[in-house]
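The structure appears right after this line, and notes come after that.
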Amino acid sequence: MRITHLRHNQIDKEKWDATIANAANCRIYALSWYLDIVSPGWETLATEEYQYVMPLPVKRKFGFPYLVQPLCCQQLGVFSALSIASEIVTDFIHSIPYFRYDLQLNSSNPLSESIIRTNITIDLSLPFEDLKKKYSKNTIRNINKTTKEKLKISSGVEFNLFRNFILKESRFYTPEIISIIENLYQVAHLKDQTEIWGVFQENTLLTATFFLKYKERYYYLAPVSSEKGKQLSAMFALMNQFLIEKSGKTSILDFEGSSLPEVARFYTGLGGEKEEYYRIRREFPLLDLFRKK
C-alpha cells in the first residue's frame, strides 16, 4: 500500500469529502470545510484514490513545521470505508513527514503505543424511557429541581445571542475559540447542520449549547451557563429535553470528552458511555536537547 504526502493545494477535496462521508468512522472534524477552518493549510497522507486518508494539521514555529491537534477538533487520524487494521494506522504514523507531532486519533485507530483518552457518547436510537433508566440519582434530582422553576427551553436560539452569552458568562472560550465557533456556525448553518439550544427564565438566557450535526452524530460543541443557570441546574433541563426529542432515532450524541471529573460525571449521569480514542506524540529531538540543559 503506497501512502503519499499531499500538500494543501494538491488535495482533491471532492474525493476527500467522499471518503470521509463514506467512512465507517466518519467524523465531522475530518471534512475539508471543517479542516479549512480549524487548521488552514492542512495537508494529508493518502493512498491511491483516497481509499485511506489521514489529515495532517500543520503549523509552524520559528519556521519549523509540526503537527498539533487543532482547537474544536477532538479526533482525527486515519479514515476509510474499508477496514482499518492497526498495521495500517502504524504505516500512516510512520509516513508522517514531520519530526514533531501531538495528535489525537479516532476511536477506530487503536495503537498499543498511545495515550488512551476517553470520550463519552449516548446512543440516541434507544427509546427515551430506556435512556431515562440510565440517569444517575443526582441527574434525576437536578431535573426534578428544574421542574419547580419557570424555565423555557428553546432549540432555536439565535447565534448572536449565544455568542454574546459566551462573551459575558465564560472565561474558558478564548477569542480564538470564539472565532472558530463563529466560522463553524457560518458554514454549517448553511448546510442545516447546526442547532443552538438554550434555557430561559423570564426572557433571560441561563444556559445554552451549540450542537453540530453530521450524518448520524450530534456534537455537543460549546456549552455555557451563567451563575444563575448553574444554581438552577438549567443544563440538566436542557439535556433532558434534548434526549426526549432526539431519542428513538439512528443517531449518536457525542459529548467530546471530558477529562474533567465533574464534567464527565455530568455526561455519564445522563447515561453517557465511555469510548476510547488515542493520542500520539513525538517531540522534536533538538527541543529535547534544549530541555536537558
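Aromatic rings of Y267 and Y220 (six-membered ring for Trp) have centroids within the 6.0 Å cut-off, being under it. Ring-centre distance between F236 and F266: below the 6.0 Å cut-off. With ring centers used as reference points, F210 lies 6.0 Å or more from Y219. Between W42 and W16, the gap from one ring centroid to the other is short of 6.0 Å. Proximity of the aromatic rings of F242 and F211 is defined here by a centroid distance below 6.0 angstrom, and this criterion is met.
The two residues N119 and Q75 make their nearest non-hydrogen contact at ND2-NE2, 3.7 Å.
Ring orientation note: the planes of H189 and Y185 are close to parallel, at an angle under 30° on the 30°/60° scale.
Once rounded to the nearest 0.5 Å, the distance linking CD of Q74 with CD of E256 reads 5.5 Å. Atom CD1 of I37 and atom CD of E182 lie 11.0 Å apart (nearest 0.5 Å). Rounding to the nearest 0.5 Å gives a distance of 10.0 Å between CD of E149 and CD of Q231.
Between the T19 side chain and the Y50 main chain, a donor and an acceptor come within less than 3.5 Å of each other.
Electrostatic pairing of D36 and K13 counts as a salt bridge here, judged by a charged N lying under 4.0 Å from a carboxylate O. Salt-bridge check for E49 with K15: passed, with a basic side-chain N closer than 4.0 Å to an acidic carboxylate O. At a threshold of 4.0 Å, the pair E195-K213 counts as salt-bridged, since one of the basic side-chain nitrogens sits closer than that to a carboxylate oxygen. A salt bridge does not link K132 with E129: none of the charged nitrogens is closer than 4.0 Å to a carboxylate oxygen. Salt bridge status for E283 with R281: present, with a side-chain N to carboxylate O gap under 4.0 Å. A salt bridge between E273 and K134 is present, with a side-chain N of the basic residue lying under 4.0 Å from a carboxylate O of the acidic one.
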ring-ring contact (aromatic ring centres under 6.0 Å, His included), that's the test. Do Y34 and Y29 meet it? Break it down for me. CA-CA 6 Å; Y34 198 104; Y29 315 117; 5.7 Å; yes
